[in-house]
Amino acid sequence: MDINKLYNEWLEKAKADPELIAELEAIKGNDEEIFDRFYRCLEFGTAGLRGVIGAGSNRMNYYTVGQATQGLADFLNANFENPGIAIGYDSRIKSDYFSREAAKILAANGIKVYIYDELEPTPCLSYAIRKYKTSSGIILTASHNPGKYNGYKCYDSNGYQMTDAAAEETYEYIQKVNYFTGIKSMDFDEAVKQGLIEYIGAETINEFLDEVQKQCVNPGICEKAGLRVIYTPLNGTGNKPVREILRRIGIDEVYVVPQQELPDGNFPTCPYPNPEIKQAFECALKMTDEIKADILLATDPDCDRVGIAVPDKSGEYVLMSGNEVGAMLLNYLLSQKKAQGTLPENAIAVKSFVSTDLAEMIAKKYGCSFKNLLTGFKYIGELITELEAQGRASDFVMGFEESYGYLAGTHARDKDAVVASMLICEMAAYYKTLGKSLVEVMEDIYAEFGYYRNVVKSYEFDGAAGMKKMAEIMDDLRKDPPESFAGMKVLCVDDYKTSMSRNTQTGEETTIELPKSNVLSYKLENGNGLIVRPSGTEPKIKAYVTAIGENRESAQTLADIMIAEADKFMEV
């Protein structure tokens with residue numbers, strides 16, 4: 001690959017967006033900057049595209065989005081008769097621009113486009129795909145990444161992200177498209193006039209919220225409890241729908257963080273708009289000096305994930321992990337449905353396999369069957385779709401991932417922070433009427449089932465050298481698997497890339513009945529464990545540690561030892 005030749009070609013031909021030419025001119029003669037923009041093309045996979053906004057084949061811009069959209073159009077026209085597509089977008093820089101350009105390209109290829117008339121949460125796109133019975137869907141979002149990123153996620157006709165096979169076929173079409181000569185387009189207004197583009201309006205959002213509201217298990221409890229909520233949409237899409245659903249269930253006291261209320265892709269008060277980290281709550285926490293809230297809620301920019309902070313006995317606000325909220329929500333839903341006689345006889349709950357095993361213990365208590373699936377909410381969406389085909393959609397109780405993604409109900413086939421925010425607040429209201437905080441509820445669960453300390457640590461590897469390093473680490477772990485970890489024997493090694501599970505004590509090998517994925521899992525003594533997984537959307541390797549102790553302190557001590565050992569693998 002002649003990177004300078006590519007750079008010069010873009011400098012000459014990338015005229016669609018003047019900002020691109022200005023950026024390319026500004027880096028003239030800077031080999032390092034040129035290399036980073038052109039050393040590779042953004043890869044299109046089951047997570048679509050994701051990258052820094054800017055000029056070059058390794059950036060999110062008109063041409064990379066256009067090439068992907070033209071390839072997607074070719075895929076749809078080859079596989080569907082009269083295909084249609086739904087498009088949504090979030091508050092990120094250029095999300096609205098990219099969504100309109102994608103709509104113009106799809107329309108020019110004869111594909112009917114349904115596009116939201118304003119930014120909306122990702123689960124609303126999932127809902128629209130199924131409502132309008134489209135062949136596919138696109139959402140312009142980079143979820144919780146810093147403001148310099150944007151992304152392009154593709155969905156299939158079932159409302160969850162594309163399967164591996166569909167993504168691979170789409171990518172084959174994408175690679176055939178020339179950035180500068182192969183993209184068809186047409187005037188947006190003309191496409192609307194011809195009926196090729198149709199706006200999705202407020203009625204669809206209201207229908208979505210109606211479906212969300214049906215997931216309440218204790219209607220009216222919020223009015224009785226007098227719950228007080230501080231909410232931040234982190235300058236994203238959650239502001240309107242989350243506030244509306246909380247209003248509908250009777251929560252009158254919702255205080256929105258003013259600096260983070262309105263859409264702003266620069267995220268000026270929170271450079272990392274990720275509800276997993278404390279920084280996302282800083283502005284909300286300052287408001288607690290004057291407003292003593294029962295719960296703080298933070299949804300990420302595309303409102304498919306939600307984090308919470310709640311006061312402990314001393315009044316200090318504690319951030320609760322995605323595993324803790326998932327376990328509490330499951331316990332709440334199962335216990336209440338059981339008590340009310342509404343728990344299906346063949347109830348099923350599900351989580352990603354990197355999420356806490358505590359959930360499985362809770363499900364067992366209530367006679368609820370349980371499944372562990374690969375990381376990626378599309379696998380939970382697939383399960384719901386299979387249940388629906390069997391006439392068992394109502395058996396689905398809940399699915400979750402430790403990274404703050406939850407879904408109850410089958411209105412969407414992706415994680416949904418709107419329904420999660422509603423149910424978390426309802427749960428907090430219910431326990432408030434019993435005189436309990438969510439911190440106390442979680443302690444009760446630990447006391448019953450054991451203290452599970454689940455820790456996720458991310459190791460960043462930026463640039464071309466970083467991608468190479470990530471591959472080397474995974475290769476080394478496969479070639480020389482550890483016999484012990486943090487002083488505990490490795491009892492079993494699961495390699496999801498080869499689909500083989502090996503019992504290290506007996507040497508017996510069995511097949512893993514899940515799709516292949518670049519993941520290694522180590523089962524240790526006493527139920528402890530480690531999972532190592534490169535991120536599918538970011539230049540990171542994540543280590544997931546499960547440490548079980550007799551009390552909080554012993555579980556935390558073991559987790560600290562295990563993370564220190566994981567650091568050695570990553571050469572930190």
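Remember, predicted model here, so these are calculated numbers, not experimental data. FYI, the numbering just counts along the sequence from 1.
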| task | Using the six-membered ring of Phe281, assess whether NZ or CZ of Lys278 lies under 6.0 Å from its centre and within 45 degrees of the ring axis. | result | no
| task | Please check if atom NZ in Lys15 has more than 12 non-hydrogen atoms from other residues, nucleotides or ligands closer than 6.0 Å. | result | yes
| request: Determine yes or no for a side-chain-to-main-chain donor-acceptor pair under 3.5 angstrom, with Asn150 supplying the side chain and Ile93 the backbone. | output: yes
| task | Please examine the side chains of Leu491 and Glu525, heavy atoms only from C-beta on, and report whether any two atoms are closer than 4.5 Å. | result | yes
| query | Glu12 and Asn8: side-chain donor and acceptor closer than 3.5 Å? | reply | no
| More than 12 heavy atoms of other groups within 6.0 Å of Glu19 CD | no
| said: Counting the benzene-type ring for Trp, do Phe569 and Tyr459 have ring centres under 6.0 Å apart? | reply: no
| Taking the six-membered ring for Trp, are Tyr7 and Phe38 parallel (under 30°), tilted (30 to 60°) or perpendicular (over 60°)? | perpendicular
| Is the backbone of Pro268 close enough, under 3.5 Å, to the side chain of Asn266 for a donor and an acceptor to pair up by distance? | no
| message | Between Phe180 and Tyr63 (judged by ring centroids, cut-off 6.0 Å), do the two rings come close enough to count as a pair? | response | yes
| said: By the definition salt bridge (Lys or Arg N to Asp or Glu O under 4.0 Å), identify the one residue from Lys516, Arg478, Lys479, Arg533 that meets it with Asp495. | reply: Arg478
| said: Using modelled atom types and a 3.5 Å cut-off, is there a donor and acceptor pairing between side-chain atoms of Ser501 and backbone atoms of Ile512? | reply: no
| said: Less than 4.5 Å apart, side chain to side chain, heavy atoms only: is that true for Tyr452 and Asn323? | reply: no
| query | Are Val490 and Glu483 close enough that some pair of their side-chain heavy atoms sits under 4.5 Å apart? | reply | no
| Main-chain N/O of Glu33 paired to Arg37 side chain as donor or acceptor, under 3.5 Å | yes
| field | Electrostatic pair Asp476-Lys469, nearest N-O below 4.0 angstrom | value | no
| Taking atom types as modelled, is there a side-chain donor on Asp414 or Tyr155 under 3.5 Å from an acceptor on the other? | yes
| said: Tell me if the CD atom of Glu118 is crowded by more than 12 foreign heavy atoms within 6.0 Å. | reply: yes
